[in-house]
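Treat the numbers as computed from the prediction; the structure is a model and nothing was measured. A, B, ... follow the sequence lines: proteins, then strands. Residue 1 opens every chain.
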Amino acid sequence: MAVSEDAQTEIIVAEQVTHFESGNEMAATAAAQINYHIMGYFPITPSTEVAQYLDQMKANGLHDIQLIAADGEHGSAGICYGAAMAGARVINATSSQGFLYMLEQLPTQSGTRFPMVLNLVTRAVSGPLDIRGDHSDLYYGLNTGWVILTASTPQAVYDMNIMALKIAEHSEVRLPVIVAYDGFFTSHQKRKVQYFKENEVVQNFVGPNPNPNYPNVSDPAHPVTIGAHMGGDDLLNNHYQLSVALEKAGEVYAEVAREYAALSGREHKVLDLYRMDDAEVAVFLLNSAGESAKDTVDALRAKGIRAGLVRPNLIRPFPAEQLRQALKNVKALLVGERADSYGAQGGNLTHEIRSALQVDPDNKTIILSRIFGLGGKDFYADDAEAFFQLAMDAAAKGYAEKPFDYHGYYPGDAKDALVPVMEPLHGDAYKSGLIEVTPSEDTGLLKVKLPPLRQLTAKPHRLAPGHGACPGCGALSALELFFKGIEGDMVVLFQTGCAYVVTASYPYSSHNQTFVHNLFQNGAATLAGMVDAFYELKRRGEVQISDDITFVMVSGDGGMDIGMGATVGAALRNHKMIILEYDNEGYMNTGSQLSYSTPMGHMTSTSGVGKAQKGKKGHHKDTAQILAACNIPYVFTGAESNPQDLLQKAAKAQWYANNVGTAYGKLLCACPLNWKTSDHSGYDLVKAAVDSCFFPLYEIEQGITSITYNPELKGKRIPAVEWLKGMGKTKHLLKDEELLQNFEAEIERRWSRLKLKNESSLL
Amino acid sequence: MSTLPKKNALGFYEIRLESIGGLGANLAGKMLAETGAIELGFNASNFSSYGSEKKGTPIKTFVRFCDPEVEIRDHSPIEEPHLVAVFHEALYKTVNVVSGLQPDGVVLVNTSRGFDEVRADLKLEYGTVALVDAMGIAVEEQTKVNTSMLGAMFRICDFLDPEAMRKVIRRTFEKKYPHLVEPNIRTFDRGYNEVKFKTYEVPAGTQAVPFKRAQSLLGYETQVPGGVILAQGNSIQKDLSGSRSGVLPVLDVDSCISCAACDNVCPDNCFVWEEGEDKRGRPQQILLGIDYHYCKGCLKCIEVCPTEALTSIREEVGFAEEHRVPQVFK
């Protein structure tokens, strides 16, 4: 049992309160207490909660941070950089792909010397995609010129978020800082934590905002040019300055850590050296695993083995000198790393430690390197024991038998290998022969003949059951219904989102035909390359397949935010494919954050409702009209409430994708979980959204708009409240006359414009 | 300050909650841990198994308690718990919920069935079984299952003071939903009072079953490089019955007109069709029934059924197996 050696002996100056919270909650608490000016963010697991908690606090009036929901992490980094150049204090949080997507911006910000704080909630980098924790994202940050602190507990996340700003803004540093903590292990585990009772204590510690005293864009009396391009002489000198500042940050870190200790009673030294004084064998681990392995150190010590553990709190600048001191008498050190530098015979930190020791001619420490715990693979006490055993073996032998290896891999048993569970169907099997599409001789517009839908039940499904969607998921039913209208073979690409996650969870696939995933800023581009390659292979006679294979990209409304650029690009190039959006009005896969398609006033986890905020600001994105402006041959909207209408559109979309170019469709789909309604009510809610004219069903074929279902003409139009009252996420709207009127006016405005377009082929 | 009755080598009393997403086990675990940590002075940690779990999929929530001076450094999931609380009975068809349970541990099950039946289903050799009809209590009090389960867990964890939990419940609801305070306190108390225990003695000479950590079936020699799957549609091998939270649709074929409205809205492809003949002898699709292996009990189909052919019932053990019409995958 680990009894803490009472490190908290210093006089505690400021009053603190004890709570039971996670790392993400603590990052948000620190940010709120600092009261940053700006957070530009984009949701990605497991960092998303930071923005969510800040939104909750904001709704309750607990801070003034402007939370800007970006269109992707590249955008969020741009927002943060812009705000930093304005002299504001800036915070962000991201993970994994999000970090990689913003990577381009990071050296720009450090090289032009604008401080900010970024919480990197570490997670595996795709591919294959894995949402859980490792350090493969963090390692991409090592060369960005940012200071990097590593926080191993929820308490450290809080403490380091406060220390980070002070380091970033220090006059001899002036660099952005990353606070990296382990996804899920630290971000989501709740622990007993302390924070300062009064925000002023935090604000006094970080001091007043010094940024107005440095070049910034907010002072017209002192105009500045930021970002002039350089030649090699100048760039080298610039980078030398950066290198010196980053080195300086190491000293500043130690100073700030001491000051913070005096205030809080908690000191986060550059290196956390656990029982290292007389250690002969040691393990080096980052973050949460470094905490866990201390229990193993105690167990080994109890057996008389001189074991110790090294866990850094700072990896940029790299604490080389401190490590040389700590490892002077260590016979063997195993460096465990949650990310590989493939082909380098060791992760990045292995090599940095080796190079740090190489400077000391007397050092004889044997270094072993093991890659472990990727993608959230748990790190147990027996893993730590295995690491120490390897170090002990090397110490005994005087050399490392196997300096580098992975830890925890296994061959598997041939009898468990995946085997097909059924004969795959293709071609004619998917042709019902019951759907006829013919261009009209006079207008060129398509006519579709559909059988009663009952007859299409003989057609095999495109999706296999057994997928993991929530009960009553409106996306899965609408997609399968749409696919019923497609005849012949299909290749689908799902961008990241619910429908992807629930239908392709290794080692299971719920796709009966060929399926691929790509990250959700890039699906349209990926499918564009695929479809053109297919036609090129075919043109050269290298594949012999019939012409009617249909390429479909499936995306949520979130994917249509971050992936809008790639989508518009594909549409403008007019590739022969269908882009199908299931719009459930938010980033439901990551826990219901707002998307640009979330309607005004609707509550999500980042557009909360409270005394200071009333759900999402601004109206829902009109994606269909954006795509219509790309002048693609076919644009439509659809919903499962009108199945015949939807299948007609599927058939037309297929015809255009096979014969002309890009077709785009938006399906409104209920998400019972995040619309806060019962599992059975998706159909009725979507129907109400259609009948209230919030979501009109129409198509734009060769530029001509037709309303395909007009609830007014059928005497079925209902007020928007009839839709809104069925959902928990809009309950508050019913009591807010002004908000409701604003929402209804926007519905009416868009509907009226649509009717005019329906009447005139020129609009 | 009370003392922990049992501790493992690291000084922890460990609890594992077995549930499906949507039943509130995550919140229950948080409230349990928070009450112990903040109100009662223990040190604690709490976390859940995270993947891309959606509502209805199995989840685990973990709580560690220890004395206040003990530092919690372990981050790994709880493998050999002192208490397992099963929120959802149907789970143990697909999940070994009692995996690693300490020989003197307690397994708490939300059920209306009897001890021997539950024990047989759990394949439990020995240990203490605790039963509470948490669902029944929640239905009667119009509250949630997790609150009655919390009551039962507090009874089992007698080192925790139930009054502290009542305080937390009051604090949680009184501001925004004052009318929910009393029903929730009652639900908690009923869980506390109505839980029943039966201990199955460890036969002399029995060795505790050594815990074995599960790992994925595929290894580096058996995975297709790149994570490619060549077994399309293999999710049909999954049984999703455990996702249902107590209700399921029933088809009366006699009043069914095979209109396919249900099929159009089903997210899980549960409806099974056969080619038959209509009254005039023309080929026509006929709805045969529901494949309950895949049905998550959302009941969307009932909403759209134009006749009385689809209705919902409370699910009883064995019904789905008996009335399942299996999909035929060509």
Region of [X] in contact with chain B, defined by heavy-atom distances below 4.5 Å:
X       : answer
E21(A)  : neither
N512(A) : both
Q189(A) : both
K377(A) : neither
P128(A) : side chain
D382(A) : side chain

Legend entry - residues 266-276 of chain B: residues contacting chain A (heavy atom under 4.5 Å, by number): C266(B), P267(B), D268(B), N269(B), W273(B)
Legend entry - Test ring pair (Phe, Tyr, Trp, His ring centres under 6.0 Å) applied to H293(B) - qualifying residues, sequence neighbours left out: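 So H293(B) forms no ring pair (Phe, Tyr, Trp, His ring centres under 6.0 Å) with any residue.
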Legend entry - Any H467(A) side-chain heavy atom under 4.5 Å of T503(A) side chain: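 Side chain of H467(A) against side chain of T503(A), heavy atoms only: contact under 4.5 Å found.
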Inset, instruction - Find out whether V250(B) and L310(B) are in side-chain contact, i.e. whether some heavy atom of one side chain is under 4.5 Å from a heavy atom of the other. - result: no
Among [options], which has the most heavy-atom pairs under 4.5 Å with chain A?
options                           : result
Q237(B), Q215(B), H75(B)          : H75(B)
P77(B), S243(B), S312(B)          : P77(B)
G227(B), S48(B), A44(B), G297(B)  : A44(B)
R213(B), R244(B), K30(B), Q223(B) : R213(B)
A231(B), G22(B), G21(B), C295(B)  : A231(B)
S245(B), A33(B), A260(B), G233(B) : G233(B)

Inset, instruction - Describe, in one word, how the ring planes of F65(B) and F42(B) are oriented to each other, choosing from parallel (under 30°), tilted (30 to 60°) and perpendicular (over 60°). - result: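 Aromatic pair F65(B)/F42(B) classed tilted.
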Legend entry - When P643(A), S681(A), G472(A), G290(A) are compared by non-hydrogen pairs under 4.5 Å with chain B, the top option: G472(A)
Inset, instruction - Spell out, as yes or no, whether a donor-acceptor pair under 3.5 Å connects the side chain of S510(A) to the backbone of P465(A). - result: no
Inset, instruction - Please look at I257(B) and chain A and tell me whether the side chain, the backbone, both or neither of the residue comes under 4.5 angstrom of a heavy atom of that chain. - result: backbone
Legend entry - Under 4.5 Å from a heavy atom of chain A, the part of V304(B) involved: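 The side chain, not the backbone.
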Legend entry - Pair E79(B), Y380(A): side-chain N/O donor-acceptor within cut-off below 3.5 Å: yes
